[in-house]
Amino acid sequence: MLRTSIIKENTPEIISSLKKKNFDGQKIIKKIIETDNIRIKIQKELNSLQNHMNSLSKEIGICFAKNNKEKAEKLKSESGKLKILIQTKNDEQKIAIKKINQLLIQIPNIANKNVPIGNTEKENEIIKNFGTIPKLEKSKLPHWELAKKYDIIDFEKGNIITGAGFPLYKNKGAKLQRSLINFFLDFNISNGYTEYLPPQLVNEASAFGTGNFPDKEGQMYHIEKDDLYLIPTAEVPLTNIFRNEIINSVNLPIKLTAYTPCFRREAGSYGKNVRGLNRLHQFDKVEIVQLAHPEKSYSNLKEMVKHISNLLEELKLPFRLVKLCGGDLSFSSALTYDFEVFSAGQNKWLEVSSVSNFESFQATRTNIKFREDSNLNFCHTLNGSALALPRIMAAILENNQTESGIKIPESLYKYTGFKMIS
RNA sequence: GGAGAGAUGGCAGAGUGGUCGAAUGCGGUGGUCUUGAAAACCAUUGUACCGAAAGGUACCGGGGGUUCGAAUCCCUCUCUCUCCGCCA
């Protein structure tokens, strides 16, 4: 959420940054500024009325103490009138604040100046390619065929148990999944991230805090009976650990990591994009989150990008780093890099990580501040997948397929206890 | 799920209708003393909004009500604790 004070101070810059995200903010921002000026006017009036009321009440108290009932009654009738005025002003103020907030939450985060202009993923900027794309036999298979061949993922049983998009891992497939989780967590921990195992259901305030609610409400599973949401990513509980907190600046950056299953309704998805492990309703992911000093958040972002590159290099997977254009940027993000792994069985790039700087957008919604000397300011929040499991699994299966089976990346040996799936 | 008790500043903990934004202790910060430190002593120490400032206003879990006046009384919601029931 943007703050009214910032909007007022940088109106033209904000409107033009929002354009990059294909958001026309002209009207809504004008409305916010107008309403805020009304709010200030109301508050001034209200404060002076309240001030008057407070001194009257004190006086009445003194009159009673001195047994001067006559004067007390007279003052009482005066304050009665004031009371009605105050109530009216109070209601007006509440309405104005509510109106401003309703407008503010509709505005996406502004794009960083380095975000490329563009409307769709076609205009994303490919920064760099890493690794080499494997040359496979003509008989190469996509991962869903391989999964069947080696009996490691049962999609049909998942359909029976739950429905489409809920795969059932088994045998070495289950072990490989568990190994990847542990490998990612250990790698993150050894780079200074603190491990958490958070709740997988969150309340509305938490979902609001990270910007998933109300904007992407339809993408989350909602438990109506208890009014809770299944997390679409560990970002939601991790960021909300610090909701309404003031952090001492010496403790920044705070670095967190967590493994959680993630649940997404993926309303509107169809076709080959949802084949196999490509897009699921439930999947495993290890996430990293940072709470950062505003002046350092972009170097922290760089560090996170490097960290994720290292992780993918450990797995010997070919990948590319992509900078998202304005139109492809999410509601809350100011700058996002995607990591895409090349999966040779399908001949396509699969997004396995998305690393973003949200600047103070989420911190404003969650009210996470830091204290430096005697000043209070909003933190910056950042997060990234390190990494999302299913597509990594898909790429490992597809890229490492051989006549004799699937080769496990060396870094995983100590976790899997086996070197081949055959 | 049933019955009861409770929620006060960073923490502990007073306050049951008036001058209470809130005693006191601990912690934090600054200072005095000291070669240095500890101890002791002094001062200071919540957040938001309005205001150039002085200052003003709001906030004692959330929301609503009674009252001229609410941390204090009433209603309601949420959460915590104790007991009973159920249970991995």
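So that the names make sense, note that chain A is the first sequence line, chain B the second, and so on, each numbered from 1. What you are looking at is a predicted structure, and each value in this text was computed from that prediction instead of being measured.
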So [X], base contact, sugar-phosphate only, or nothing? Heavy-atom distance under 4.0 Å.
{"X": "A:Lys94", "value": "sugar-phosphate"}
{"X": "A:Ile40", "value": "sugar-phosphate"}
{"X": "A:Ser57", "value": "base"}
{"X": "A:Leu46", "value": "nothing"}
{"X": "A:Lys369", "value": "sugar-phosphate"}
{"X": "A:Gln50", "value": "sugar-phosphate"}

Evaluate the side-chain proximity of A:Glu121 to A:Glu351: yes if any heavy-atom separation is below 4.5 Å, no if none is.
-> no
Can you tell me the base-pairing partner of [N]? Count Watson-Crick or G-U wobble geometry only, both distances below 3.5 Å, and say none if there is no partner.
{"N": "B:C83", "answer": "B:G2"}
{"N": "B:U24", "answer": "B:A12"}
{"N": "B:G51", "answer": "none"}
{"N": "B:A71", "answer": "none"}
{"N": "B:A43", "answer": "B:U29"}
{"N": "B:U66", "answer": "none"}
{"N": "B:U35", "answer": "none"}
{"N": "B:G61", "answer": "B:C77"}

Please report the distance separating the [atom1] of [N] from the corresponding atom of [M], rounded so that it comes out in whole Å.
{"N": "B:U24", "M": "B:G15", "atom1": "P", "value": "15 Å"}
{"N": "B:A5", "M": "B:G55", "atom1": "C1'", "value": "43 Å"}
{"N": "B:U29", "M": "B:U47", "atom1": "P", "value": "16 Å"}
{"N": "B:C74", "M": "B:G4", "atom1": "P", "value": "15 Å"}
{"N": "B:G62", "M": "B:U8", "atom1": "P", "value": "10 Å"}
{"N": "B:G65", "M": "B:U72", "atom1": "C1'", "value": "15 Å"}
{"N": "B:G13", "M": "B:A52", "atom1": "C1'", "value": "41 Å"}
{"N": "B:G9", "M": "B:U82", "atom1": "C1'", "value": "27 Å"}

Does NZ or CZ of [X] lie under 6.0 Å from the centre of the six-membered ring of [Y], at an angle within 45° of the ring axis?
{"X": "A:Lys172", "Y": "A:Phe418", "answer": "yes"}
{"X": "A:Lys323", "Y": "A:Tyr337", "answer": "no"}
{"X": "A:Arg365", "Y": "A:Phe208", "answer": "yes"}

Sequence neighbours excluded, the answer for ring pair (Phe, Tyr, Trp, His ring centres under 6.0 Å) partners of A:Tyr229 is A:Phe213, A:His222
Sequence-distant partners of A:Glu13, side-chain contact (heavy atoms from CB on, under 4.5 Å), two or more places apart | A:Asn10
Identified side chain to side chain contact (heavy atoms under 4.5 Å, CB included) partner of A:Thr381 from the options A:Thr366, A:Thr239, A:Thr364 | A:Thr239
Residue whose closest nucleotide on RNA chain B lies nearer the 5' end, A:Gly61 versus A:Leu376 = A:Gly61
Of A:Ile246 and A:Ser79, whose closest RNA chain B nucleotide lies nearer the 5' terminus?
-> A:Ile246
Go through the steps to decide whether A:Asn248 and A:Arg371 satisfy the test side chain to side chain contact (heavy atoms under 4.5 Å, CB included), and finish with yes or no.
-> CA-CA 5 Å; A:Asn248 190 325; A:Arg371 192 190 303 278; 5.8 Å; no
Where chain A begins and ends its contact with RNA chain B, read 5' to 3' at 4.0 Å from heavy atoms = B:G18 to B:G69
Strictly under 6.0 Å, is that where the ring centroids of A:Tyr298 and A:His380 end up?
-> no
